[in-house]
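A quick write-up on the structure given underneath.
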Amino acid sequence: MTLEEIHRQQPMPAGHDWMQGAGTALHELLVSAQRRGCLTAGVYESAKLMNVDPDNVAFCVLAADQEDEGDIALQIHFTLIQAFCCENDIDIVRVNDVAKLAAIVGPSEDSGEPRDLHCILITNPNEDGWKDPALEKLNLFCEESRNVNDWVPTITLPE
C-alpha cells in the first residue's frame, strides 16, 4: 500500500457512538459466546487452543488494567498472541478494564474461582449456521481500525 492510498482511505467514523457501539457489541458477543460454550479464558489456555486449532478461533480479546502495563511477562505474551492473530487473520481488540470484563464473563464455571481474563478467545461453535451479529459488527470495527493503521484497537466496555 502506498502513502497516497493510505491518505485516500476514509477515516474511521469519529465520535463516541462508534466506540460505544463496539463496546456494546463486545459485551453481547461475550455473553453469547459464553452461553454457547465458545469462550476460552486465560493466556495459557488461549495459547494452547491457538496452537492446536487456530482455524477455529473467531475473535481475540486482550485485557489489561493500568497496573498490568508494567508486567513484562504479560506484555510478552500479548505481543506473541497479537503476532499469532495477525498471521492467522484473527481479529483482535484490547480492553483496559478487567473488572468490567469479569462482571460480564464471571468466575470459572468449574471451580467458581476468578479466572485469568487477560486473554479471551471466541471460537466457532459446532453449529454450521451460527452467525452472531455482534461478531460481524466487531469484525467490521476491526477492519475499519486497520484502515487507519490501528491494528489492535482499544474498546471501552459499557457501564
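Only heavy atoms go into these numbers, but all of them, side chains included; no hydrogens, no water, no symmetry mates.
Side-chain contact check for F78 versus H118: some heavy-atom pair is nearer than 4.5 Å. Proximity of R146 to D91: side-chain heavy atoms (C-beta onward) are separated by under 4.5 Å at one or more points. Between K100 and V95 the shortest side-chain heavy-atom distance does not fall below 4.5 Å. Taking the side chain as every heavy atom from C-beta outward, L80 and F84 never approach each other to under 4.5 Å. At least one side-chain heavy atom of F59 sits less than 4.5 Å from a side-chain heavy atom of V93. A heavy-atom distance below 4.5 Å is not found between the side chains of D97 and L157. Counting only heavy atoms from C-beta outward, the side chains of F141 and E144 never approach each other to under 4.5 Å.
Taking CD from Q75 and CG from D68, the interatomic distance works out to 8.0 Å, rounded to the nearest 0.5 Å. Rounding to the nearest 0.5 Å places CG of L138 at 5.0 Å from CD1 of I155. Taken to the nearest 0.5 Å, the CG atom of L121 stands 3.5 Å off from the OG atom of S46. Note that OG1 of T123 is 11.5 Å distant from CZ of R36, once rounded to the nearest 0.5 Å. To the nearest 0.5 Å, atoms CD1 (I90) and CG (D55) are separated by 8.0 Å. Rounding to the nearest 0.5 Å places OG of S145 at 12.5 Å from CD1 of I92.
Heavy-atom minimum distance, D132 versus A134: OD1-N, 2.8 Å. Contact record, E45 with G42: OE1-CA, 3.2 Å, taken as the closest heavy-atom pair.
L101 and L74 fall into different hydrophobic clusters, defined by Ile, Leu, Val, Met, Phe, Trp and Tyr side-chain heavy atoms under 4.5 Å apart, directly or through other members. Under the 4.5 Å side-chain contact rule for hydrophobic residues, V152 and L135 do not share a cluster.
Considering L30, V31, T24 in turn, V31 is the only one that fulfils the side-chain contact (heavy atoms from CB on, under 4.5 Å) rule with H27. Checked options L62, L39, V43; the residue passing with I120 is L39 (criterion: side-chain contact (heavy atoms from CB on, under 4.5 Å)).
Put simply, the side chain of Q34 gets close to the backbone of V105: a donor and an acceptor are under 3.5 Å apart. In this structure a side-chain-to-backbone donor-acceptor pair under 3.5 Å is missing from D53 to L49.
In E87, the CD atom is not crowded: 12 or fewer heavy atoms of neighbouring residues, nucleotides or ligands sit closer than 6.0 Å.
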